[in-house]
Amino acid sequence: MVDRVIKTGDGWRLGWNPNSTEFQGLVGGDGWAIELTEAELNDFCSLLAQLTATMTQMASELMEEEKIAIEAESDLVWVQVEGYPQAYSVQFILSAGRRCEGFWPPAAIPGLTQAAKILKVF
């Protein structure tokens, strides 16, 4: 049986607890955290991966000083990346059930996106 996994870095936290009955996921930043259902965590990680890939693709199409904002959403979660392809922030809003939102600054994003890719891979 897999135990709880918490990944942390500079300005971010991600967690996965398959043994929890209602909230298996956790996302957090400096001074805040929210527990997520498995479906919310899956959508968050998937949308974050899509937006990160899009930012990487946009790097060659934008001028160096050009900022962009891109958003994606599911029925459960809205996620936005904003800034430069090499340095952007991430914001999310839970759209179903309880309402909450979170934000990570550019410095937290490389670690957050890497952890989101491997959080549930055992």
task: Report the C-alpha distance between Tyr88 and Thr52 in whole Å, list the side-chain angles of each, state the deciding distance to 0.1 Å, and finish with yes or no for side chain to side chain contact (heavy atoms under 4.5 Å, CB included).
output: CA-CA 10 Å; Tyr88 53 90; Thr52 299; 3.3 Å; yes
- prompt: Rounded to the nearest 0.5 Å, how far apart are CZ of Phe103 and CD of Gln80?
  reply: 9.5 Å
message: Using the rule that Ile, Leu, Val, Met, Phe, Trp and Tyr join whenever any side-chain heavy atoms are under 4.5 Å apart, tell me whether Val5 and Phe23 fall into a single cluster.
response: no
message: Measuring from atom CG of Asp43 to atom CD of Glu38, what distance do you get when rounded to the nearest 0.5 angstrom?
response: 10.5 Å
- request: Compare all side-chain heavy atoms of Tyr84 with those of Glu64 and state whether any distance is below 4.5 angstrom.
  value: no
message: Test question: given the 4.5 Å side-chain rule for I, L, V, M, F, W and Y, name all other residues clustered with Trp78, or answer none.
response: Ile93
- request: With rounding to the nearest 0.5 Å, note down the distance linking CG in Asp75 to CD in Glu40.
  value: 11.5 Å
field: Gap separating the CZ atom of Phe92 from the CG atom of Leu51, nearest 0.5 angstrom
entry: 14.0 Å
statement: Ala59 meets the side chain to side chain contact (heavy atoms under 4.5 Å, CB included) criterion, sequence neighbours left out, with Pro85
statement: Closest heavy-atom pair, Gly11 versus Asp30, reported as atoms and distance to 0.1 Å, is CA-OD1, 3.4 Å
- prompt: Does Ser46 use its side chain to pair, donor to acceptor, with the backbone of Asn42 at less than 3.5 Å?
  reply: no
message: Test of understanding: clusters of I, L, V, M, F, W, Y form through side-chain heavy atoms closer than 4.5 Å, transitively. Do Val79 and Leu119 belong to the same one?
response: yes
query: Do Glu101 and Gln91 come close enough that some side-chain heavy atom pair is under 4.5 Å?
result: yes
field: Trp104 side chain near Leu48 side chain, heavy-atom distance below 4.5 Å
entry: no
- request: Heavy atoms only: give me the nearest Glu82-Ala69 pair and the separation to one decimal.
  value: CG-CB, 3.9 Å
field: Cluster link Leu112 to Ile6, ILVMFWY, side chain under 4.5 Å
entry: no
Student check: side-chain heavy atoms of Ser89 and Pro106 closer than 4.5 Å: yes
- line: Value for CG (Leu41) from CD (Gln24), rounded to nearest 0.5 Å, stands at 9.0 Å
query: For Thr54, what residues pass the side chain to side chain contact (heavy atoms under 4.5 Å, CB included) criterion, not counting sequence neighbours?
result: Met58, Ile70
task: Grab the two heavy atoms, one from Leu47 and one from Ser74, that are nearest each other, plus how far apart they are.
output: CD1-N, 3.8 Å
query: Rounded to the nearest 0.5 Å, how far apart are CG of Leu62 and CD1 of Ile68?
result: 5.0 Å
- prompt: So which heavy atom on Thr37 is nearest to which on Arg98, and how close?
  reply: N-NH2, 4.1 Å
query: Do Trp12 and Ile109 come close enough that some side-chain heavy atom pair is under 4.5 Å?
result: no
- request: Tell me whether Trp16 is reachable from Val77 by hopping between hydrophobic residues (I, L, V, M, F, W, Y) whose side-chain heavy atoms are closer than 4.5 Å.
  value: yes
